[in-house]
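What follows is a short report on a single structure.
Every chain is numbered from 1, with letters handed out A, B, ... down the list of sequences.
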Number of protein chains: 2
Amino acid sequence: MVLDRIDRRLLRYLQQDCKQTNKELSHKLDLSVTAVYERIKKLERTGIIKGYEAHINKDAVGLGFLAFCHIRLEKHAKETIGSFEKEVRKLNEVLECFHVSGEYDYLLKVVVKDMEHFRNFMVNKLTTIEHIGSTQSSFTINEVKNTTQLTLSDDAS
Amino acid sequence: MVLDRIDRRLLRYLQQDCKQTNKELSHKLDLSVTAVYERIKKLERTGIIKGYEAHINKDAVGLGFLAFCHIRLEKHAKETIGSFEKEVRKLNEVLECFHVSGEYDYLLKVVVKDMEHFRNFMVNKLTTIEHIGSTQSSFTINEVKNTTQLTLSDDAS
DNA sequence: ACCATAACCGAAAATTTATCTGAATGTTCC
DNA sequence: GGAACATTCAGATAAATTTTCGGTTATGGT
């Protein structure tokens, strides 16, 4: 599917606030309500819009501790990688896990309540996964910027 | 505001899909539509729900290259930190920036179209910021897990 | 020019959100 | 225990939104 300028603007608005009414969007985009409706449905059908999520304040729900864990595996055999990734996916403290280039193999974003819970997570969950060579963690001191909104230019991708 | 078991389940559902109707939620939670409505409004008022965002497929919009940059500052004077953070916030390729403990001072998540754009970002944007001591980048080879959904237990925080 | 397709619009129908009233429950203070 | 108050909930209704529908206007290909 090819996105035109209007689609891109629409996606920008929906990234900011997906609960806007189609009427509001129709004004912003200078289209009819139906046209907005059909464009959105198409973006959903084609998988460009993957879903709609409420964004919740993690501090307010007692999950104010954010850390990153760099992990090196013992060896890089296919089954080692496979089983490590499978286990990591199960850990709900881990919001993100990327296989990355460089000194370490994986980078994990971990969210828990506090340092004590983090210690517990490390000792009883993360480091019990097999084939982990070494880990190195850093704690977040300050959130300078934290968004999920991709910047879509108006012109073609 | 104190969250009870129902609030926590509600937040879980809304994190997964915030476009569900209150009627659907009322069935899942075994409440009236109005009760669901009022709980949601309260969660919005108190800032526990920060907003509602469409989640869009970054590959589909031509932003399939994800990298992490570790940055060390030259010195850690207050104004150095302040000006660095201010400049980073302006860069729309940077979705996240955290001041972290450990070997490096900052960890950045960067999303661009491809390696060429990344090179361009590094040369013409990131490294033009003053007071940067050294940087180290790693590229994402594979997304093992990538969610924004916090895991809320049913019991009190 | 012609056909096929896609995109758009406005109005009507279906559904949902939002408001309001009153009942049920719980808490505090005497 | 019981009165006064706040909180939570349910059901009915009003207001607003989503969704469907028929028809019109662009667009692209032959």
For side-chain hydrogen bond (donor to acceptor under 3.5 Å, both in side chains), just list the numbers for B:Glu130 and B:Ser83, CA-CA rounded to whole Å, side-chain angles, deciding distance to a tenth of an Å, and then say yes or no. CA-CA 8 Å; B:Glu130 291 192 333; B:Ser83 76; 5.8 Å; no
Answer with yes or no whether the hydrophobic clustering places [X] together with [Y]; edges join I, L, V, M, F, W, Y residues whose side-chain heavy atoms lie under 4.5 Å apart.
{"X": "B:Val110", "Y": "A:Val100", "value": "no"}
{"X": "B:Val144", "Y": "B:Leu95", "value": "no"}
{"X": "B:Phe121", "Y": "B:Tyr106", "value": "yes"}

Near DNA chain D, under 4.0 Å by heavy atom, which residues of residues 29-54 of chain A? A:Thr34, A:Tyr37, A:Lys41
Round to the nearest Å and state the distance from [X] atom [atom1] to [N] atom [atom2].
{"X": "B:Asn22", "N": "D:dT18", "atom1": "CG", "atom2": "P", "answer": "13 Å"}
{"X": "A:Lys23", "N": "D:dA16", "atom1": "NZ", "atom2": "C1'", "answer": "8 Å"}
{"X": "A:Lys19", "N": "D:dA16", "atom1": "NZ", "atom2": "P", "answer": "18 Å"}
{"X": "A:Asp17", "N": "D:dT17", "atom1": "CG", "atom2": "P", "answer": "13 Å"}

Return the minimal non-hydrogen interatomic distance between A:Asn92 and B:Lys145, and the atom names on each side. CA-NZ, 4.2 Å
On DNA chain C, which is the earliest and which the latest nucleotide, 5' to 3', with an atom closer than 4.0 Å to a heavy atom of chain B? C:dT16 to C:dC20
Relative to the ring of B:Phe139, is the ring of B:Phe118 parallel (under 30°), tilted (30 to 60°) or perpendicular (over 60°)? perpendicular
Quick one: OG1 on A:Thr147 to NZ on B:Lys109, what's the gap to the nearest 0.5 Å? 10.0 Å
NZ/NE/NH1/NH2 to OD/OE distance under 4.0 Å, B:Glu44 and B:Lys41: yes
